[in-house]
There are 2 protein chains.
Amino acid sequence: MKTTIADIAREAGVSKATVSRVLNESLDGVGIETRLRVKGIMEERRYEPCGIARGLATGKTRSVGLIVPDIADPFFPLLIRGIEAALGSHGYGLFLCDAHLDPKKEREHLRMLAEKRVDGVILNSTLSDSDGPWDTLDQRAIPYVLLDRMVEAPASAYGVFADNRLGARMATELLLTRGRRLAFINGPAGLSISKLRKQGVEEALGAHGLTWEAVRMANGDYSMESGERALETLWEPGALGFDAVFAANDRMAIGAMRALQRRGLLVPDDVEVVGFDDIETARLVEPPLTTVAQPAFEMGRQAAQMLLDLISGNPPSQQTIVLEPTLVIRKTTRQT
Amino acid sequence: MKTTIADIAREAGVSKATVSRVLNESLDGVGIETRLRVKGIMEERRYEPCGIARGLATGKTRSVGLIVPDIADPFFPLLIRGIEAALGSHGYGLFLCDAHLDPKKEREHLRMLAEKRVDGVILNSTLSDSDGPWDTLDQRAIPYVLLDRMVEAPASAYGVFADNRLGARMATELLLTRGRRLAFINGPAGLSISKLRKQGVEEALGAHGLTWEAVRMANGDYSMESGERALETLWEPGALGFDAVFAANDRMAIGAMRALQRRGLLVPDDVEVVGFDDIETARLVEPPLTTVAQPAFEMGRQAAQMLLDLISGNPPSQQTIVLEPTLVIRKTTRQT
DNA sequence: CTGTTAGCGCATTCAG
DNA sequence: CTGAATGCGCTAACAG
């Protein structure tokens, strides 16, 4: 039998209430000497408070959920690190849920988290589904913050994002200043993150007096394979339709590079390539990939901090935090 | 206020016990028609059982913890997928804990998990610490299964591992059949996983009538940078001390390749390289890395299944499951 | 087949 | 400053 506050109370010759009080440091309605005595006994007995019982009594479980679309995406490790950094030693636990690109699974996970009575969830949603996940959350009044993907949630939703429009614009500008003809491999069409990136590309186009007619576009699902396929799709036998590729993430960019190289094209000499994310592999491929870096760690940290604020009842100062991406120029683009 | 079984009971005109019974399908001591009525009400009211209360009442939380040494290691996504696959829709939640290579942090996580009263934990421990983590677990009688790293736990501990000895032996054999002089970049010396791999190398050496005198050895910490450093260490100015490198994981192998290439050496022409793990990046670097593949998904799945068995009181048939690695030959070794 | 009665371990009034 | 009582939401005997 694990020792409970009742055991401690008995041995210390005090009531359970008193033990409970020293457990929750904050309320200091306890005499210094009884407090010390109780603490001593706790030590000896190696007492460990029961989170479950506390949860039931207080309504707070000190655990949060994280939903990611695809744990295999190398973008997440840093994100998770950031989240853990913010959750820190506050004693919070993090439930990891991999939706595996399946909205149905995502909803199951959400149900599970709700049953577990998590204090909040960080939602890096798989899809901007019409019957979205947030109402599952809103209905149960459980706080959540959107991360990375700006789904079409209620205007009241909190979120942390990278400036995807700006990132896409920077990448496109880089390519267009060399007078390149662009191929754009975007993410799934449904994602608002994709729309934003498309806008960014459009802005850069406009700045150069160009329109969409000048660019070839395809959609991938962020996997390397989809990047390869997208490139094949865009390809026109005979005519070289483009000589610059901007992909919505590094994995697709790498896929595109592979497809290019298979066809005997040289990167960056024949075709320049720019990715998005700056995953670890980006600097390991040959040639090293020029890409738009997202501040993944910081995004995770801020999102978790925001959630913590939400949970503790201090509404965050801003409803939306937008972090700036940075251009990391390596070898898949030519030096000017 | 969330609806509780009391609400359902009142509305259905039955007792809480009855509602509880239909909630726990198994015990079917409920008339078919009352059961249906109660279920109906639950639907309408969108009732959602409170995991916390159940946990307190049953002593089971339906959540488990996973401790990993370094979430950034690309080896984990698949492992996690495997775990989630086994945990499946049993309603289990998975607490992810990244020890970040810090045993102290690992212990904090363990304490947190204990407080949260997880039903069990999967332990991919950072270090084979003398004052190891398992006693934290054993003391509290919480079931755990060791994963991947065969720490020096009590003989009674359960675990799932890859056959590291065999894997190392296969890699070394591959290199030695070409008469190569070997450099071996092992993992941290303290890990028993490192000792096993060393044994594997030794076996291969023996089979070729060689001893350790013929090989140069260094230890890394599984990061790419440490692979680069290890290679520098092994290097002897002037004399080419070796022409084959076996690294204990792919990241270090890739680091070694980079160091080699920086020195103008050709892989595999001048030096052959073999890694371990078969992470996604392995096939993306140039040249694609020959490596020993671990069945990560399967390891995760089996470990979780084992833990589930342990939790439900059916002691697994085997105490230790050893999975076979496979050699994936790509381009950093020469075709025979 | 169903209701009653006790807890599970702790927090939180309200008294004293 | 401290204790006694009550309840969080559900399960688990034990009766009927």
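Order of the sequence lines sets the chain letters (A, B, ...), proteins ahead of strands, with each chain counted from 1.
Of the inter-residue distances, the one linking H90(B) atom NE2 with M112(A) atom CE reads 13.0 Å to the nearest 0.5 angstrom. With rounding to the nearest 0.5 angstrom, the CD1 atom of I80(B) is 12.5 Å from the CZ atom of F297(B). Remark: R62(B) CZ to K116(A) NZ distance equals 7.0 Å, nearest 0.5 Å.
Toward the 5' end of DNA chain C, the nearer of the two residues L56(B) and E33(B), judged by each one's closest nucleotide, is E33(B).
Within 3.5 Å, a donor on the side chain of R21(B) pairs with an acceptor on the base of dG3(C), or the reverse.
Rounded to an integer number of Å, the gap from R37(B) CZ to dC1(C) C1' is 13 Å. Rounded to an integer number of Å, the gap from CD1 of I32(B) to P of dC1(C) is 10 Å. Following rounding to the nearest Å, M42(A) (CE) and dG9(C) (C1') show an atom-to-atom distance of 13 Å. One atom, CZ of R62(B), and another, P of dG9(D), lie 21 Å apart when rounded to the nearest Å. Regarding K60(A), its NZ atom lies at a distance of 23 Å from the P atom of dG9(C), rounded to whole Å. Atom NZ of K16(B) is separated from atom P of dC8(D) by 9 Å (rounded to the nearest Å). Separating the CG atom of L23(B) from the C1' atom of dT11(D) is a distance of 10 Å, rounded to the nearest angstrom. Atom CG in N24(B) sits roughly 16 Å away from atom C1' in dT2(C) (whole-Å rounding).
Side-chain contact between I311(A) and V64(A) is present, with heavy atoms from C-beta onward closer than 4.5 Å.
For dC10(C), the OP1/OP2 oxygens have no side-chain nitrogen or oxygen of S20(A) closer than 4.0 Å. At the phosphate of dC10(C), OP1 or OP2 sits under 4.0 Å from a side-chain N or O atom of Y47(A). Considering only side-chain N and O atoms, R54(A) lies nowhere under 4.0 angstrom from the phosphate OP1 or OP2 of dC10(C). Within the 4.0 Å cut-off from OP1 or OP2 of dT2(D), at least one side-chain nitrogen or oxygen of T34(A) is found. At least one side-chain nitrogen or oxygen of T18(B) sits closer than 4.0 Å to the OP1 or OP2 atom of dG3(C).
Within the nucleic acid shown, T4(B) comes within 4.0 Å of sugar-phosphate atoms alone, with no base atom in reach, counting heavy atoms only. In this structure, V14(B) reaches the sugar-phosphate backbone alone: every heavy-atom distance under 4.0 Å involves primed, P, OP1 or OP2 atoms, never a base. Residue G51(A) is out of contact with every strand shown, counting any heavy-atom pair closer than 4.0 Å. No contact: K2(B) has no heavy atom under 4.0 Å from any strand.
Side-chain contact annotation: Y144(B) with D138(B), donor-acceptor N/O pair under 3.5 Å present.
Of the residues L78(A), L79(A), L323(A), the one that meets the side chain to side chain contact (heavy atoms under 4.5 Å, CB included) test with P295(A) is L323(A).
With dA12(D), dG9(C), dG9(D) as the candidates, the nucleotide lying closest to the side chain of A53(A) is dG9(C). Nearest to the side-chain atoms of P49(A) among the listed nucleotides dG9(D), dC10(C), dC10(D) stands dC10(C). Of the candidates dG3(C), dA11(C), dT11(D), dT11(D) carries the atom nearest the I5(B) side chain, counting heavy atoms from C-beta on.
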